[in-house]
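Here the structure comes first, spelled out in C-alpha cells, and everything after it is commentary.
When a ligand or atom number is given, it counts from 1 through the structure's own listing order.
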Amino acid sequence: MAKGDNITNIIDHVLYSQEDIQEMCKRLGQQLTQDYAGKNPLVVGALKGAVFFLTDLVRNMDVVMENDFIDVSSYGDGFESSGKVTLDTDVKADVKGRDVLIVEDIVDTGHTLKFMEDLLLQRGAKSVKCCALLNKPARREEDVTVDYYGAEVQNQFVVGYGLDYLNKYRNIPYIGVLKPEVIKANLNK
Ligand code: 5GP
C-alpha cells in the first residue's frame, strides 16, 4: 500500500474508541430491550451510514424484531446537508400498525429524520422512534426528537464506524475527526 493510503493516517484525533462504541451499543440495547418487549418492532436502518451501528445495536437487543432498510439522501457536497431530502430506496415492509424504530448514524439538522418519520407516520405506523449513535443538537433545524442516542457531539464533522466523508472512511472502526489537510486536499480536487 502506498504511503498515505492507510485510513488511520487521516484521523486528527479519536472521539470514541471501539470500546466506547460497544459500551453505547450495550447500554442502548438494554434500554431498547425493555422498551420494545413484546412489540415485534420493525427496525429500519438508514443506509448507508447506520449499517455498522445497526448490526452491533440489534445484537444487544433481546427482542423478536424484523429488519428493513431505507436510503434517503440530503448531503450534497460532503459536509453540508442540502436540506432537500430525497428517497433513494424505500422500505419493503408494510409499516401500517407497526412500532418502527429508525436507526441512524447521526442526527444533525434533523431534515433526514423528519422526512423518514413523516413518511412512516403517513403510511400508518403505530409509533416511530429514532435511535442514533450520535446526536448533534447544536445544528438542529427541524423539531425532531432523538429518542435514544449513544453520545452527543459538538458542531464538528466526524467520520468512522459508518460515517463517511465523500463516501470514504466508513470502515474506520472508531469515530474521529479528520485532519484539516485531508479536507483541504479534497476541496482542491
Ligand atoms: P441531517 O439531515 O440530520 O442534517 O443529516 C443526517 C445525515 O447527515 C446523517 O445520516 C449523516 O449521513 C450526515 N451527517 C451529519 N453530520 C455528519 C458528520 O458529522 N459526519 C458525517 N460523516 N456525516 C454526517
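Among Leu163, Val158, Leu47, the residue whose heavy atom lies closest to atom 20 (N) of ligand 1 is Val158. With distances taken over non-hydrogen atoms, the option nearest atom 5 (O) of ligand 1 out of Val72, Thr112, Leu178 is Thr112.
The distance from ligand 1 to the heavy atoms of Lys136 drops below 4.0 Å at these ligand atoms: 16 (N), 17 (C), 18 (C), 19 (O). The atoms of ligand 1 that sit less than 4.0 Å from any heavy atom of Asp164 are 21 (C), 22 (N). Atoms of ligand 1 found under 4.0 Å from any heavy atom of Gly110, numbered from 1 in the order shown, are 1 (P), 3 (O), 4 (O). Against a heavy-atom cut-off of under 4.0 Å, Glu104 is close to the following atoms of ligand 1: 10 (O). Ligand-side atoms of ligand 1 in range of Gln156: 19 (O), range being under 4.0 angstrom from any heavy atom.
Defined by atom type and a distance below 3.5 Å, a donor-acceptor pair is missing between the side-chain atoms of Asn60 and Gln30.
Note: an N/O pair closer than 3.5 Å links Asp105 and ligand 1 by distance alone. Not one N or O of Val107 is nearer than 3.5 Å to an N or O of ligand 1, by distance alone.
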| field | Worked check of side-chain hydrogen bond (donor to acceptor under 3.5 Å, both in side chains) between Asp35 and Tyr148 | value | CA-CA 11 Å; Asp35 295 358; Tyr148 309 89; 2.6 Å; yes
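Here the side chain of Arg27 pairs a donor or acceptor atom with the backbone of Gly150 at under 3.5 angstrom.
Heavy-atom neighbours of Gln154 CD from other residues, nucleotides or ligands within 6.0 Å: at or below the threshold of 12. Remark: Asn167 CG is packed, more than 12 non-hydrogen atoms of other residues, nucleotides or ligands lying under 6.0 Å away.
Ligand 1 has Phe157 within reach: a non-hydrogen atom of the residue lies less than 4.0 Å from it. Not a single heavy atom of Glu141 lies less than 4.0 angstrom from ligand 1. A heavy-atom separation below 4.0 Å is not found between Ala46 and ligand 1.
By the side chain to side chain donor-acceptor pair (under 3.5 Å) test, Glu19 pairs with Ser17, sequence neighbours left out. Looking at residues two or more places apart in sequence or on another chain, you find a side chain to side chain donor-acceptor pair (under 3.5 Å) between Asp88 and Ser73.
With a 4.0 Å cut-off on non-hydrogen atoms, Arg139 does not touch ligand 1 at all.
Stacking of Lys39 on the aromatic ring of Tyr36 is recorded, both the 6.0 Å distance cut-off and the 45° axial limit being met.
In summary, of the residues considered (Val91, Val95, Leu101, Asn67), a side chain to side chain contact (heavy atoms under 4.5 Å, CB included) with Val44 occurs for Val91 alone.
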